[in-house]
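Before any comments, here is the structure.
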Protein chains: 2
Amino acid sequence: MPTIYEVSELAGVSLATVSRVMNGSAKVSEKSKKKVRDAMEELGYRPNSVAISLASKRSNCIGILVAELDGAFFGSMMTGIEKTLRQYQKHVVITAGHSNDADEREGVEFLKSRNCDALVIHAEQLSDEYLIELSKGDTPIVVMNRQIDAIAEKCVSLDNVKGGYIATRHVLEKGHRQLVNIAGPKFKNDAMERIVGFQQAVNEAGIDFDENRVFEGDYLQESGAAAIDHFVMSGIEFTGVVCGNDQMAIGAMARLREYKRLPSKDVAVIGFDDVSFAACTYPTLTTINYPIKLMGQQAAKLVLKDVYKIGVKDIRQIYEPTLMERNSVKRLRSK
Amino acid sequence: MPTIYEVSELAGVSLATVSRVMNGSAKVSEKSKKKVRDAMEELGYRPNSVAISLASKRSNCIGILVAELDGAFFGSMMTGIEKTLRQYQKHVVITAGHSNDADEREGVEFLKSRNCDALVIHAEQLSDEYLIELSKGDTPIVVMNRQIDAIAEKCVSLDNVKGGYIATRHVLEKGHRQLVNIAGPKFKNDAMERIVGFQQAVNEAGIDFDENRVFEGDYLQESGAAAIDHFVMSGIEFTGVVCGNDQMAIGAMARLREYKRLPSKDVAVIGFDDVSFAACTYPTLTTINYPIKLMGQQAAKLVLKDVYKIGVKDIRQIYEPTLMERNSVKRLRSK
DNA sequence: CTGTCAAATGAAAGCGCTTTCAAAATATCT
DNA sequence: AGATATTTTGAAAGCGCTTTCATTTGACAG
């Protein structure tokens, strides 16, 4: 790998001049510019971004922290961020927090130590305090899926309580009164918030909220199935299943079918997130739209604006969940 | 952010000594060690990995190039790699190639310029020659999903032709003779290979391969649906649909239902990849298992062994696709 | 107490680049 | 032409760390 020094040698100019033509940071005569460009060409020169980063304290990299690298939700989020940033030659460095405090902290430290210009964080375990403290450091951050008042201007979030409420109310409005809730892991903020929304809607309908009707899953398909097993085994009756996310919803639908209780026909199932396969399930999944890709783009725009002073517009930070009505929730038929 | 210099000041030792206790690269007296540790603690010192990387020419980072950041397939692959590496305190830097030559090259250059210790590449447009050339450079690489003889020891792949063949033969064995193929983008190697497998199986069954029975999709759900529209509109009759991947398969099943042609009952549908939701579709999807997560782990082990000289075992590089029989392919019922 | 050898340490160069500051080259004006 | 303002340039310091090499320290034998 040739270095800037070799380029300067070959071009017969100083290091500084080469650096200047690379960055366009100052005027360089056309003549020198050409000599430098030719030399670069000839040597197949590639700047070493680590060195650039060390010297300039800027990396053109944005760090992303997600819980997992797989999963439709995070995939959309990462893509939203990456594609937006890519348009401005910014790169992303992604790390996984695995939903535990240690990994999340380490992930953040890693990203910071790699000189990321900014961090987009989807943390599930880090405390508000930690994040507030972090935001005071010299690496700007954007917090996803969480509304922290002290740093509201750095948050891009969706009202999960409202989402849970809308989902539940929709099922209630279709005449279902015996509901169960397949929730996400309770240690996750969004999961808890959705449960709160569920509770609100249920109470509003004059139904007593019953802890036993909430099953704590892990946002994966299997736990949706496990939840159904649990409710059936426990003899808890239900005609409506409100799920914490789409994956658990399809797991639940699959298992319901095994019990000969047909989704939609015998029992209403509603999801959350509206991931891409929700439109292709059978029955197609009624769910709550979570515009995560769009929100990822917004997060990216936020750093573009704040960190790189690039004029982007239409930045919105708080999003509203909306009902995506498909076929998995139908009016309760009297028996 | 405190630097190593400040630590050395506070500890009353030299830079070199601090560096040594950080890396355990040489003997340091217990006394100095303690002084250094205390100083680090007191200052909340975090080594700057960019500087480390520049000075040591090692980053403890492995670069990954995937086509997209979303999608179940890439998600599994990234997770397989990341989790394995994480156990040895190695980090991943991920970049997307968006299935076009320019972005893929730029992605590779970016990863190299970031001093990645190795690259795991899932390229769709880069030529074999480019990869062979790349492998001669000073950054070791692992190539996923592609068998290149010249660098076989750096490839982790699956026999896609065989997969396409097995899938097709399974449908044929169930009595279906009117088949259509919903393929992935033809510019992608794996898509083409799966088509070849399809063709082999079809020919073997004494059926003429008909170009018109192959629809070129894009591996996304919508194109599975579009393919069904296409075949129906064109008046092409079929009772079996062999798909290039699971996503197109569920898109196809959803659309078939709209035409009142029930998947499994009226028409057999088989997928490819065996992504996690395949077990939760209705009917559950018969498909070809592509152990991508496992293969990601293998790729990780390969770099662990080759680059970091860490003794890992059970490294396999060539994988066999296997049939996952579920409910979407049933014996053809005579009309 | 001196001499020897191994262990521990520090000074300094270097990784590849940016950036400041002053000097050199060129342009502009009387 | 000379004086002055402007544009281009290069030398050199520095970013935070690693690593080599020489020096110092300490342990131990004689």
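When reading the values below, keep in mind they use all heavy atoms of this one structure, side chains included, and skip hydrogens, waters and symmetry mates. These figures come from a predicted structure and were not determined experimentally.
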Using a 4.0 Å heavy-atom cut-off, does [X] contact any base of the nucleic acid, only the sugar-phosphate backbone, or nothing at all?
| X | result |
| --- | --- |
| B:Val13 | sugar-phosphate |
| A:Leu54 | base |
| B:Ser32 | sugar-phosphate |
| A:Ser49 | nothing |
| B:Thr3 | sugar-phosphate |

Roughly how many Å is it from [atom1] in [X] to [atom2] in [N], rounded to a whole number?
| X | N | atom1 | atom2 | answer |
| --- | --- | --- | --- | --- |
| B:Lys34 | C:dA8 | NZ | P | 18 Å |
| A:Leu15 | D:dC15 | CG | P | 18 Å |
| B:Ile52 | D:dC15 | CD1 | C1' | 14 Å |
| B:Arg20 | D:dT19 | CZ | C1' | 8 Å |
| A:Asn115 | C:dT18 | CG | P | 14 Å |
| A:Met40 | C:dC17 | CE | C1' | 12 Å |
| A:Arg114 | D:dC17 | CZ | P | 13 Å |
| B:Lys31 | C:dA7 | NZ | P | 18 Å |

Below 4.0 Å: OP1/OP2 of [N] and any side-chain N or O of [X]:
| X | N | answer |
| --- | --- | --- |
| B:Lys27 | C:dA6 | no |
| A:Ser19 | C:dC17 | no |
| B:Asn23 | D:dT18 | yes |
| A:Lys57 | D:dG16 | yes |
| B:Ser29 | C:dT9 | yes |
| A:Tyr5 | D:dG10 | no |
| B:Thr17 | C:dG10 | yes |

Between [options], spot the one nearest the side chain of [X], thanks.
| X | options | answer |
| --- | --- | --- |
| A:Ser14 | D:dC15, C:dG10, D:dA11 | D:dA11 |
| A:Met22 | D:dC17, C:dT18, D:dT18 | C:dT18 |
| A:Ile4 | C:dG16, D:dT18, D:dA11 | C:dG16 |

Any Lys/Arg nitrogen of B:Lys154 or B:Asp306 sitting under 4.0 Å from an Asp/Glu carboxylate oxygen of the other?
no
Is it the case that over 12 heavy atoms from other parts of the model lie below 6.0 angstrom from the [atom1] atom of [X]?
| X | atom1 | answer |
| --- | --- | --- |
| B:Glu41 | CD | no |
| A:Arg46 | CZ | no |
| B:Phe187 | CZ | yes |

Using only modelled atom types and a 3.5 angstrom limit, is any donor from either the side chain of A:Arg46 or the base of C:dG16 paired with an acceptor on the other?
no
OG1 of A:Thr139 to CD1 of A:Ile62: how many Å apart, nearest 0.5 Å?
11.5 Å
Please verify the inter-ring angle class for A:Phe73 with A:His122; under 30° counts as parallel, over 60° as perpendicular, anything in between as tilted.
perpendicular
5'-most contact on DNA chain D: B:Val50 or B:Ala16, nearest heavy atom basis?
B:Val50
